[in-house]
*Asks:* 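Sharing a structure below in structure tokens format, with a few things to ask.
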Amino acid sequence: MSFFAKKVYRVVLGIPMGEVRTYKWVAKKTGRPKASRAVANILKKNPLPLIIPCHRVIRKDGSAGGYLWGKKFKKRLLELEKTLSEQIF
DNA sequence: ATCATGACTAATG
DNA sequence: CCATTAGCCATGA
């Protein structure tokens with residue numbers, strides 16, 4: 001576990017349910033504004049797929065981006081979280 | 001140190 | 001939607 005990776009996970013863990021952030025946004029929070037690609041690398045290797053909400057990190061252009069279990073599942077999960085968070089809060 | 005990889009970004013076609 | 005080009009950077013071999 002590198003220092004950079006820990007910061008990435010910590011930042012991603014802080015993304016609220018029903019909301020999304022971009023790889024670039026996460027990169028900037030880690031202090032490396034141009035390391036969006038490196039952020040993607042870290043998330044791909046993330047040790048806790050179900051705990052770390054890496055599905056809330058999407059592309060700058062709005063598309064889902066990649067996902068361990070497929071981008072289409074990623075989109076559905078995001079919509080589910082959005083509707084659920086609206087009902088709960 | 002060097003090299004390849006990739007869940008990126010931006011621009012272009 | 002797809003493909004290419006160039007820039008970018010942590011990671012692992």
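Reminder, nothing fancy here: chain letters follow the sequence lines and each chain counts from 1.
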*Asks:* Please determine whether residues A:V39 and A:I15 belong to a single hydrophobic cluster, defined as Ile, Leu, Val, Met, Phe, Trp and Tyr linked transitively by side-chain heavy-atom distances below 4.5 Å.
*Replies:* yes
*Asks:* Start with the C-alpha gap between A:F89 and A:M17, add the side-chain angles, then the distance that decides, and say whether side-chain contact (heavy atoms from CB on, under 4.5 Å) holds.
*Replies:* CA-CA 10 Å; A:F89 305 108; A:M17 179 172 67; 4.3 Å; yes
*Asks:* Please collect all salt bridge (charged side-chain N to carboxylate O under 4.0 Å, His left out) contacts where either partner lies in residues 12-23 of chain A, sequence neighbours excluded, each pair once.
*Replies:* A:E19-A:R21
*Asks:* To check you understand the geometry: which heavy-atom pair defines the closest contact between A:A27 and A:A35, and what is its length?
*Replies:*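 Heavy atoms only, the tightest pair is CB-C, 3.8 Å.
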*Asks:* So if I take residues 20-34 of chain A and measure heavy-atom distances to DNA chain B, which residues fall below 4.0 Å?
*Replies:*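 Those residues are A:Y23, A:K24.
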*Asks:* For a 4.0 angstrom threshold against heavy atoms of chain A, report the outermost contacting nucleotides of DNA chain C in 5' to 3' order.
*Replies:* C:dG7 to C:dG12
*Asks:* Indicate the atoms forming the closest heavy-atom contact of A:G18 with A:S85, along with that distance.
*Replies:* CA-OG, 3.8 Å
*Asks:* Shared ILVMFWY cluster between A:L78 and A:V12, side chains joined below 4.5 angstrom?
*Replies:* no
*Asks:* With sequence neighbours left out, what residues match A:A64 under side-chain contact (heavy atoms from CB on, under 4.5 Å)?
*Replies:* A:K71, A:K74, A:K75
*Asks:* Quick one: which residue pairs count as a salt bridge (charged side-chain N to carboxylate O under 4.0 Å, His left out) with a foot in residues 26-43 of chain A, not counting sequence neighbours?
*Replies:* none
*Asks:* Considering only residues two or more places apart or on different chains, which pairs with a residue in residues 79-89 of chain A satisfy salt bridge (charged side-chain N to carboxylate O under 4.0 Å, His left out)?
*Replies:* A:R56-A:E81, A:K82-A:E86
*Asks:* So which heavy atom on A:N46 is nearest to which on A:C54, and how close?
*Replies:*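 Closest heavy-atom pair between A:N46 and A:C54: ND2-SG, 3.7 Å.
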*Asks:* Using only atom types and a distance under 3.5 Å, with no angle test, would you say the side chain of A:N41 pairs donor to acceptor with the backbone of A:A38?
*Replies:*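 Pair absent, no side-chain N/O of A:N41 close to backbone of A:A38.
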*Asks:* Please enumerate all residues that pass side-chain contact (heavy atoms from CB on, under 4.5 Å) together with A:F3, with sequence neighbours excluded.
*Replies:* A:K7
*Asks:* A:V26, A:F4: one ILVMFWY side-chain cluster at the under-4.5 Å cut-off?
*Replies:*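 Same hydrophobic cluster.
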*Asks:* Which residues in residues 51-64 of chain A have at least one heavy atom lying under 4.0 Å from any atom of DNA chain B?
*Replies:* A:C54, A:R59, A:K60
*Asks:* Using a 4.0 Å cut-off on heavy atoms, which residues in residues 6-15 of chain A reach DNA chain B? List them by number, or say none.
*Replies:* none
*Asks:* Could you name each residue pair satisfying ring pair (Phe, Tyr, Trp, His ring centres under 6.0 Å) that touches residues 11-43 of chain A, not counting sequence neighbours?
*Replies:* none
*Asks:* Please list, in numerical order, the residues of residues 37-50 of chain A that have a heavy atom closer than 4.0 Å to any atom of DNA chain C.
*Replies:*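 Only A:R37, A:A38, A:N41, A:I42, A:K45 qualify.
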*Asks:* Filter on ring pair (Phe, Tyr, Trp, His ring centres under 6.0 Å), then keep only pairs touching residues 30-62 of chain A, sequence neighbours left out; what's left?
*Replies:*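 Checked against ring pair (Phe, Tyr, Trp, His ring centres under 6.0 Å) - neighbours excluded - no pair reaches residues 30-62 of chain A.
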